Amino acid sequence: MNIKHLLTEKTQAAFVALGLPADTNAAVTVSTRVEFGDYQINGAMAAAKLLKTNPRQLAEQLLAQLDLDGIAVKTEIAGPGFINVTLAKGWLAQQLQHASGNARLGVAANTSPQTVVVDYSAPNLAKEMHVGHLRSTIIGDAVVRSLEFWGDKVVRQNHMGDWGTQFGMLIAHLEDKLAAGVDLEQVALADLEDFYREAKKRFDDEEGFADKSRTYVVKLQSGDAHCQKLWQLFIDTSIKHSDEVYQKLNVTLTHADIKPESAYNDMLHGIIDDLKTQQLAVESMGALVVFLHELADKEGNPSPFIVQKTGGGFLYATTDLAACQYRSHTLNADRVIIFTDARQGLHFKQVELVARKAGYLRDATAYDHCPFGTMMGEDGKPFKTRTGGTVKLAELLEEAVVRAKAVVQDKATDLSAEEIDEVARKVGIGAVKFADLSKNRTSDYIFSWDAMLSFEGATAPYLQYAYTRVRSILRRADIADSFTAEFALTEEAEKQLAVKLLRFEETLQQVMKDAQPNLLCNYLYELASLYMTFYEACPILKDGVEPTQRNSRLMLSIFTSRLLKQGLELLGIEVMERM
RNA sequence: GCGCCCGUAGCUCAGCUGGAUAGAGCAACGCCCUUCUAAGGCGUGGGUCAUAGGUUCGAAUCCUAUCGGGCGCGCCA
């Protein structure tokens, strides 16, 4: 059910009846104020501008052609040509009836599924995952879950950094550790960050170590078996670490989704040869460069895009071009979505330009680089530990759970120790995720423990709490899982809740189109908030409530609980029955 | 120097296919628990939407300039 879509279609039909093109923008939006009804149609004003006619008159003609019988209880023209639509409670009840009998919660079937490749998380395996990886990982995962719920074919691609020059240093250090008899699991890589620091220190300070490291990079990349083996050991251990973080974070990435940089190695020579053959890449100052006139400065100097270093080495530009080829041609993607931080904007603009020219990206493949801002500390500077180091993601998540447990213990009344642990885990992790997901993707945001764990206002715990409240009522009602009844809307709080419940598809579509989970966060918060209002205003199980009203309110509660659970699941946030 | 992003209430943020009186949450203040979980609800106060122009019936939203902040720009990823 997509009310906005329905009203748009109805409006466009009316435009056609007036002799206007069918694609005239109906400009249907949710009403800004309650006295303006539920939805408003603003298209008449823009159309009148094109036709150079009186907007209010056109709105009147449009309204005369607009067939909303049974849907709207009132339509009226206001101001310069707004058409305000007040939906009929009976019609809303019917739509809810239909939606609630549906596993997709009223979301229409996806009649033309797309293949969508989503590149997200992509940690550097040389180091431990830190807070900088949080956004890509959870925003990407929320979009992936949304696309899958809608019914598209999603191919996750965890483009892990496993092939950089630091690996020479790391495997050289690992070799010495192993030679000294240190157990790999227990000591050497127990803390990737320490391991990296040790290796780096030797690289900087120790005689001969840097040279050995550089030699190892070359050997590794030319297929030396010994170096490859050490590298593989390191990579396996590092992946194990990221797996643990994903599990803790409740992220859907698995081993099968890993498509690291090294996976494209075999394609790189071919890409370079092809770029040369197509005369897109030319030699410049010893390197191989594609000059992009589309990105030239005002003097006409084209923007350089280096695809091969002096000496023949490849760069991430080369790998990303190969990834385009693989995703568009081999995976046959209709759309590629890449979640990285905003600083890589220029790079991906260049990648797309080159890939399109060279034919690595088919015209039919949309290429969406979805950037996001930086996580800042409360001082407004990039989020760091007190001593200025990077904050490990694993530690951040642990702290969230510890902090949540303190609050849960304080507030929870009759939960067992095990339940408290579980609730603390779901609340703590959920709070971190919601705080991030609810912000506009593109802007920097300030990470604040106090704000996210105060557990008041627009936070994950608020939504989880709303869910437990509904569930509590349903438990008390003592009804079967298969319980069903007629929706009958009378109170304003019921109607507001109903309209919001029917806006799920509208929200989902927008989340997928713009790759912006914050829209779903806003929606769920508003839904929970309207349920809270309804809960306060409309008694359900109390004495004196008519059976038809009680049953309808139970139906509203059931549907709300299902939607909250499903919506939070799309965000990767868990719910619980009690808290 | 060139380019990208950002500047909205004391704080954190929505809103940005141009639409009516710019919204939430936090913080402040005042109410509401013998009644379905008060991690809640209801209400009050709080704004030159950085600044100046422009486009138009209408601009936080589009365009231009300026100021302020962040980031990027040939061999890291």
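As the structure is a prediction and not an experimental result, all values here were calculated from the model. Per chain, numbering begins at 1; letters A, B, ... match sequence-line order.
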Students often mix this up, so state it plainly: with edges at 30° and 60°, are the rings of [X] and [Y] parallel, tilted or perpendicular?
X: A:His269; Y: A:Phe314; result: perpendicular
X: A:His133; Y: A:His130; result: tilted
X: A:Trp163; Y: A:Trp231; result: perpendicular
X: A:Tyr316; Y: A:His347; result: parallel
X: A:Phe339; Y: A:Tyr120; result: perpendicular

How would you label the contact of [X] with the nucleic acid (heavy atoms, under 4.0 Å): base, sugar-phosphate, or nothing?
X: A:Phe36; value: base
X: A:Pro539; value: base
X: A:Ala78; value: base
X: A:Ile473; value: base
X: A:Ala477; value: nothing
X: A:Thr468; value: base
X: A:Cys538; value: base
X: A:Tyr535; value: base

Among the nucleotides [options], which one has an atom lying closest to any side-chain atom of [X]?
X: A:Gln40; options: B:C57, B:G40, B:A20; answer: B:A20
X: A:Leu541; options: B:C36, B:G19, B:A20; answer: B:C36
X: A:Leu519; options: B:C13, B:G15, B:U37; answer: B:G15
X: A:Ser472; options: B:A39, B:G58, B:C36; answer: B:C36
X: A:Lys439; options: B:G72, B:U12, B:A39; answer: B:U12
X: A:Ser529; options: B:U37, B:G41, B:G74; answer: B:G41
X: A:Tyr462; options: B:G41, B:U56, B:G25; answer: B:G41
X: A:Leu346; options: B:C73, B:C13, B:A14; answer: B:C73
X: A:Arg476; options: B:G74, B:A39, B:C36; answer: B:C36

> Would you call B:G74 syn or anti, using the 90° rule around 0?
Replying inline: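 What B:G74 shows is a syn base, its glycosidic angle lying within 90° of 0.
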> Is the base of B:C33 syn or anti, where syn means the angle lies within 90° of 0?
Replying inline: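 B:C33: syn.
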In whole Å, measure the gap between the [atom1] atoms of [N] and [M] for me.
N: B:U35; M: B:G30; atom1: C1'; result: 23 Å
N: B:U51; M: B:A9; atom1: P; result: 10 Å
N: B:U44; M: B:C63; atom1: P; result: 37 Å
N: B:G7; M: B:G45; atom1: P; result: 27 Å
N: B:C49; M: B:C33; atom1: P; result: 41 Å

Rounded to whole Å, how long is the line connecting atom [atom1] of [X] with atom [atom2] of [N]?
X: A:Glu536; N: B:G40; atom1: CD; atom2: P; value: 11 Å
X: A:Asp444; N: B:U12; atom1: CG; atom2: P; value: 13 Å
X: A:Asn84; N: B:A20; atom1: CG; atom2: C1'; value: 9 Å
X: A:Arg33; N: B:A20; atom1: CZ; atom2: P; value: 9 Å
X: A:Lys349; N: B:C71; atom1: NZ; atom2: C1'; value: 13 Å
X: A:Lys4; N: B:U17; atom1: NZ; atom2: P; value: 10 Å
X: A:Gln516; N: B:C13; atom1: CD; atom2: C1'; value: 14 Å
X: A:Glu456; N: B:C11; atom1: CD; atom2: P; value: 20 Å

>> For A:Lys495, give me all partners under salt bridge (Lys or Arg N to Asp or Glu O under 4.0 Å), at least two apart in sequence or on another chain.
In response: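 For A:Lys495, the residues satisfying salt bridge (Lys or Arg N to Asp or Glu O under 4.0 Å) (neighbours in sequence not counted) are A:Asp38.
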>> Restricting to salt bridge (Lys or Arg N to Asp or Glu O under 4.0 Å), what partner residues turn up for A:Asp514, sequence neighbours left out?
In response: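 In terms of salt bridge (Lys or Arg N to Asp or Glu O under 4.0 Å), with neighbours along the sequence ignored, A:Asp514 is linked to no residue.
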>> When you compare the ring of A:Phe82 with the six-membered ring of B:A20's base, are the centres less than 5.5 Å apart and the planes under 30° from each other?
In response: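 Per 5.5 Å and 30° rule: yes, stacked.
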>> Going by centres under 5.5 angstrom and planes under 30 degrees, do the aromatic ring of A:Tyr465 and the base ring of B:G40 stack?
In response: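 A stacking contact does not exist, since A:Tyr465 is not both close and nearly parallel to the base ring of B:G40.
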> What pairs of residues pass the side-chain hydrogen bond (donor to acceptor under 3.5 Å, both in side chains) test when at least one of them lies in residues 24-34 of chain A, not counting sequence neighbours?
Replying inline: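 Sorted result for residues 24-34 of chain A: A:Arg33-A:Glu35.
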> So, does the side chain of A:Lys381 form a donor-acceptor pair with the base of B:G70 at under 3.5 Å?
Replying inline: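 Flag unset: no donor-acceptor pair detected.
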Could you tell me whether the phosphate oxygens of [N], OP1 or OP2, come under 4.0 Å of any side-chain nitrogen or oxygen in [X]?
X: A:Arg550; N: B:C36; result: no
X: A:Thr32; N: B:G23; result: no
X: A:Ser443; N: B:A14; result: yes
X: A:Tyr531; N: B:C36; result: no

>> Just to be sure I understand: a Watson-Crick pair is purine N1 to pyrimidine N3 plus N6-O4 or O6-N4, both under 3.5 Å. Using that and G-U wobbles, which stems of three or more pairs involve RNA chain B?
In response: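 Detected stem regions: B:1-7 with B:67-73, B:10-13 with B:23-26, B:28-32 with B:40-44, B:50-54 with B:62-66.
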>> Would you say that A:Leu346 contacts A:Leu295 through its side chain, given a criterion of any heavy-atom pair below 4.5 Å between the two side chains?
In response: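 Yes - at least one pair of side-chain heavy atoms lies under 4.5 Å apart.
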>> Can you confirm whether the side chains of A:Ser303 and A:Gln350 place a donor and an acceptor under 3.5 Å from each other?
In response: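 Indeed, the side chains of A:Ser303 and A:Gln350 share at least one donor-acceptor pair under 3.5 Å.
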> For A:Glu294, does the CD atom sit with more than 12 other heavy atoms under 6.0 Å from it, leaving out its own atoms?
Replying inline: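 Counting other residues, nucleotides and ligands, CD of A:Glu294 exceeds 12 neighbours.
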> Got a sec, which residues hit ring pair (Phe, Tyr, Trp, His ring centres under 6.0 Å) with A:Phe534, two or more places apart in sequence or on another chain?
Replying inline: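 By the ring pair (Phe, Tyr, Trp, His ring centres under 6.0 Å) rule, A:Phe534 matches A:Tyr531.
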> Considering heavy-atom distances to RNA chain B, does A:Asn42 or A:Arg578 have its closest nucleotide positioned more toward the 5' end?
Replying inline: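 With A:Asn42 and A:Arg578 compared, the 5'-side residue is A:Asn42.
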> Of A:Met532 and A:Gly79, whose nearest nucleotide on RNA chain B comes first from the 5' end?
Replying inline: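 Checking each residue's closest nucleotide, the 5'-ward one belongs to A:Gly79.
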> Are the aromatic rings of A:Tyr264 and A:His159 close, with centres under 6.0 Å apart?
Replying inline: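 Ring-ring flag for A:Tyr264/A:His159: true, centres closer than 6.0 Å.
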Nucleotide N/O of nucleotides 75-77 of chain B paired with protein N/O under 3.5 Å:
| from | atom 1 | to | atom 2 | distance (Å) |
| --- | --- | --- | --- | --- |
| B:C75 | O2 | A:Thr310 | N | 2.6 |
| B:C75 | O2 | A:Thr310 | OG1 | 3.2 |
| B:C75 | N3 | A:Thr310 | OG1 | 2.5 |
| B:C75 | N4 | A:Met285 | O | 2.4 |
| B:C76 | OP2 | A:Lys309 | NZ | 3.1 |
| B:A77 | OP2 | A:Tyr316 | N | 3.3 |
| B:A77 | O3' | A:Glu261 | OE2 | 2.0 |
| B:A77 | N6 | A:Tyr316 | OH | 2.6 |
| B:A77 | N1 | A:Tyr316 | OH | 3.4 |

